[in-house]
Protein chains: 2
Amino acid sequence: MATIYQVSEMAGVSLSTVSRVLNDNDYVSKKTKKKVLEAMKELGYQPSSIARSLASSTTNSVGILVSELDGPFFGQMMSAIEEHLRIAGKHVIITPGHSDEKKEKSGFEFLIGRNCDAIIAHVEAVSNEYLIELSKGKTPIYLMSRYVKEIEENCISLDNVMGGYLATRAMINKGHKNIAYIAGPQFKEDASNRLKGHKQALAEYNLTFDENLFYIGDFKETGGSDGLRHFIQNKAQITALVCANDEMASGAMKYAREHGFNLPKDLAIIGFDNVIFTNYLYPTLTTIDNPVPEMGRAAANLVLKDIYKKSGITVKHVFQPKLILRDSTPDIN
Amino acid sequence: MATIYQVSEMAGVSLSTVSRVLNDNDYVSKKTKKKVLEAMKELGYQPSSIARSLASSTTNSVGILVSELDGPFFGQMMSAIEEHLRIAGKHVIITPGHSDEKKEKSGFEFLIGRNCDAIIAHVEAVSNEYLIELSKGKTPIYLMSRYVKEIEENCISLDNVMGGYLATRAMINKGHKNIAYIAGPQFKEDASNRLKGHKQALAEYNLTFDENLFYIGDFKETGGSDGLRHFIQNKAQITALVCANDEMASGAMKYAREHGFNLPKDLAIIGFDNVIFTNYLYPTLTTIDNPVPEMGRAAANLVLKDIYKKSGITVKHVFQPKLILRDSTPDIN
DNA sequence: TTGTACGCGTTATCAC
DNA sequence: GTGATAACGCGTACAA
């Protein structure tokens, strides 16, 4: 591997000069710049990112901490962030936190230990206090899908209350009155906010929140099937089911069909997130769109602006969900 | 940030000694080791991975090059690799190649430029020659789901011919004779091998391969719907549809239903990969299991063994697919 | 078993 | 504009 030194020798200039053309901006005469560039090409010179990092104490890498590496939701998120960052020549170091406090913390430590210039995290188990404390450290932290007031400038979030409201209101508008709700784990902020929205919608239309029509699932397919089973066993009379995310909705659909429901006639179902496969379920799933790709780009833009000092960037911090009507919620007669 | 130097000072030893306890193995007396360890704790010392890399010319990072960051297939793959590598303290740098030759090449360059100790790649567009040439470079390359004879020791692959064979044979065993096939892009090796298996099965049972019952899709949902539309428009009389992956099968299912098919009675469908959501489709999708997680672990093990010299590891290079029977392929009477 | 001294490839700070 | 020279934080022969 050719080093900056060989280049300087071949071009007949000093190390400093080579370093200058490498970092563009400085004052270098066009003539010498050209000489250096040619020498570089000649030698097939590739700057060492490591040495650069050591000297400049910046790694051009941003850490991404997500709950899972698989799953459509996180796939979209990572994809959007990576793509946007890569254009700027930055790279991502991804690690999963598995919605577990210890693992999330160790994920942060791992990323910080790798000297990431910044971290974009979608964490659910650690407390706000922990995050606030962490934000005081040397590595800037940005939060996806989470709003923490004290560091709101570093948060990109969705209005989940509104989303939950829209979902339930959609059912009400379709004429349903017996609406069951399968929530996500309540320690997760988005899950509890969606539930809040659900209750708001009920209240607005003078429907009472019934504990018998409420179940807390795990945000996975099993949560949906377990929830529906729970309602059936308790002989709950329901015509509509609101699920706090698409995976659970899909699990509920499957369970419903396996237990004699004729979908969507016997039971209207709505999900949340508008994950890709919702459109390929049968019936196609009505859901609430969660603009994950845009939010991912926003997060990337935030670090580009704050950390890498790119100019001309403005970012939106709070995004709005919207209702996507499909076949799983037909009009009732 | 405390450096090795401060630790040495506090512990009253030299830099080398600190370095030694840092890297464990060397000869250090228990007494001094303890002193050093205490000093480290006292100072909250964290070794700089960058300086380490510069001095040792190894980064403890392995590059992962996948086609897409989202999608269930790659999600599983990345997850398995990351998890396994992380246990060994290595981290992954992930970047997508989008099944495009230029992007895949730039992905390799990117990863190599980052001084990854090794690269695990799932690439589809670059040629075998390119990969062989690349393998001669300083960064070892490992291939997922691809077999290149010249570097077979670095390949982890699935017996796709067998998989294709199993899929079609399953249909034949169910009593079907008019079996349509929607293939994946034929420049992708797995796609062409699956097709080969399909033809083998047909031949074995004395069925002729009919161009009218053949369509090349894009491995995505649209490929499935486009393919089925093609068959319908050409008035192909089919009772069974074999798709070269699950996404296409799901797209075909959706299209079939939208066009009056009563599934699974009117049309039996089988997919390939056994991606998570196949189990939540309606009807649940019969498919060929692609042991992606095991293969991911195998790849990770390979670099652990070859690059990081872990002992006691043996890895399987070629994996076998197997048939997963579900509801989309009922017995016919 | 422990310490010395140099090298890894750049960036940054001064002079010139 | 350009060139020395000192960091950056650690690994490692080599010597002791």
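Order of the sequence lines fixes the chain letters, A, B, ..., with proteins taken first and strands second; residue numbering starts at 1 for each chain. Please read all numbers here as calculations on a predicted model, not as lab measurements.
- Ring orientation note: the planes of A:Tyr130 and A:Phe108 are tilted relative to one another, at an angle of 30° to 60°.
- Between B:Tyr5 atom OH and D:dA7 atom P the separation is 12 Å, expressed in whole Å.
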Nucleotide-resolved protein contact map, nucleotides 11-16 of chain C, B/S/- at heavy-atom distance under 4.0 Å: BB----
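- Within the 4.0 Å cut-off from OP1 or OP2 of C:dG9, not a single side-chain nitrogen or oxygen of A:Ser48 is found.
- A:Asn60 has its CG atom 13 Å from the C1' atom of C:dT10, to the nearest Å.
- Between the CG atom of B:Asn115 and the P atom of C:dT10 there is a distance of 10 Å, given to the nearest Å.
- Atom CG of A:Leu54 is separated from atom C1' of D:dG11 by 12 Å (rounded to the nearest Å).
- Every pair passing salt bridge (Lys or Arg N to Asp or Glu O under 4.0 Å) that includes a residue from residues 99-115 of chain A is listed here, sequence neighbours excluded: A:Glu101-A:Lys105.
- A donor-acceptor pair is defined here as one N or O able to donate and one able to accept, closer than 3.5 Å; such a pair exists between the side chain of B:Ser135 and the backbone of B:Leu131.
- Using a cut-off of 4.0 Å between Lys/Arg side-chain N and Asp/Glu carboxylate O, B:Lys136 and B:Glu133 are scored as salt-bridged.
- Here the two rings, on B:His317 and B:Tyr147, have centers that are 6.0 Å apart or farther.
- Look at B:Lys33 and B:Asp24 and you find a salt bridge, because one of the NZ, NE, NH1 or NH2 atoms lies within 4.0 Å of a carboxylate O, short of that distance.
- The stretch residues 31-47 of chain A comes close to DNA chain D through A:Thr32, each having a heavy atom under 4.0 Å from the strand.
- When each of A:Ile64, A:Asn115, A:Val62, A:Leu111 is tested with A:Ile93 by the rule side chain to side chain contact (heavy atoms under 4.5 Å, CB included), just one qualifies, namely A:Leu111.
- In this structure, a donor-acceptor pair under 3.5 Å is absent between the side chains of B:Ser19 and B:Ser16.
- In the set C:dG9, C:dG3, D:dA4, the nucleotide with an atom closest to the side chain of A:Ser14 is D:dA4.
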